[in-house]
Amino acid sequence: MLKRIFTWWNGATIGTSLFSWRNGSRVGSDSLGNAYFESKKPIAGQTRRWVIYQGANDASRVPPAWFGWLHHQTDVVPTELPAPRPWVKDPVPNLTGTPAAYRPVGALERGGNRAAATGDYEAWSPN
């Protein structure tokens with residue numbers, strides 16, 4: 001119970017859940033279990049939209065269609081869209097800081113050995 005009160009990084013706190021219940025209406029959810037809300041009353045002519053994450057709060061876990069809806073790029077709720085084409089890949093979350101993160105050749109995690117210079121580079125030295 002204390003975790004839901006104080007830890008916002010593991011999902012919605014009790015305050016966020018109460019705010020969403022009172023001031024918003026649930027619009028839908030995605031395949032990851034994230035819930036999307038829209039404010040009941042417009043502010044300055046536009047409604048407010050937000051997401052409550054299922055699990056860790058990581059913005060890279062929002063699928064592209066829902067990202068467009070959240071940022072008012074479209075008013076079509078992604079649950080009403082046709083199924084994606086077979087060649088569309090699933091979105092990938094941000095892998096920085098994980099073992100699956102990209103490590104270029106020469107990175108310390110890959111041994112730190114870079115390819116030798118090809119001779120087209122000359123180091124600058126002040127005269």
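Values below: all heavy atoms of this structure, side chains included; hydrogens, waters and symmetry mates excluded. The structure presented is a predicted model; accordingly, all values stated were derived computationally and were not measured.
With rounding to the nearest 0.5 Å, the separation of CZ in R103 from CD in E109 is 4.5 Å. Once rounded to the nearest 0.5 Å, the distance linking OG of S29 with CH2 of W66 reads 7.0 Å. Here L70 contributes atom CG and E38 contributes atom CD; the two are 10.0 Å apart, rounded to the nearest 0.5 Å. Of the inter-residue distances, the one linking T74 atom OG1 with L81 atom CG reads 7.0 Å to the nearest 0.5 angstrom.
With R49 contributing its side chain and W69 its backbone, the two residues share a donor-acceptor pair below 3.5 Å. Remark: the backbone N or O of Y53 is not paired with any side-chain donor or acceptor of R61 at under 3.5 angstrom.
Using cut-offs of 30° and 60° on the angle between ring planes, the pair W50 and F37 is parallel.
Under the rule for a side chain to side chain contact (heavy atoms under 4.5 Å, CB included), the partners of R85 that lie at least two apart in sequence or sit in another chain are W87, V88.
Environment of CD in E122: sparse, with no more than 12 heavy atoms of neighbouring residues, nucleotides or ligands closer than 6.0 Å.
No side-chain heavy atom of K41 sits under 4.5 Å from any side-chain heavy atom of N23. Within the 4.5 Å cutoff, no side-chain heavy atoms of L32 are placed close to those of Q54.
Residues D30 and P63 approach most closely at OD2-CD, 3.2 Å, considering heavy atoms. Across every non-hydrogen atom of R22 and K40, the tightest pair is O-NZ, 3.3 Å.
Both V51 and V77 are assigned to one and the same hydrophobic cluster, defined by single-linkage of ILVMFWY side chains at heavy-atom distances under 4.5 Å.
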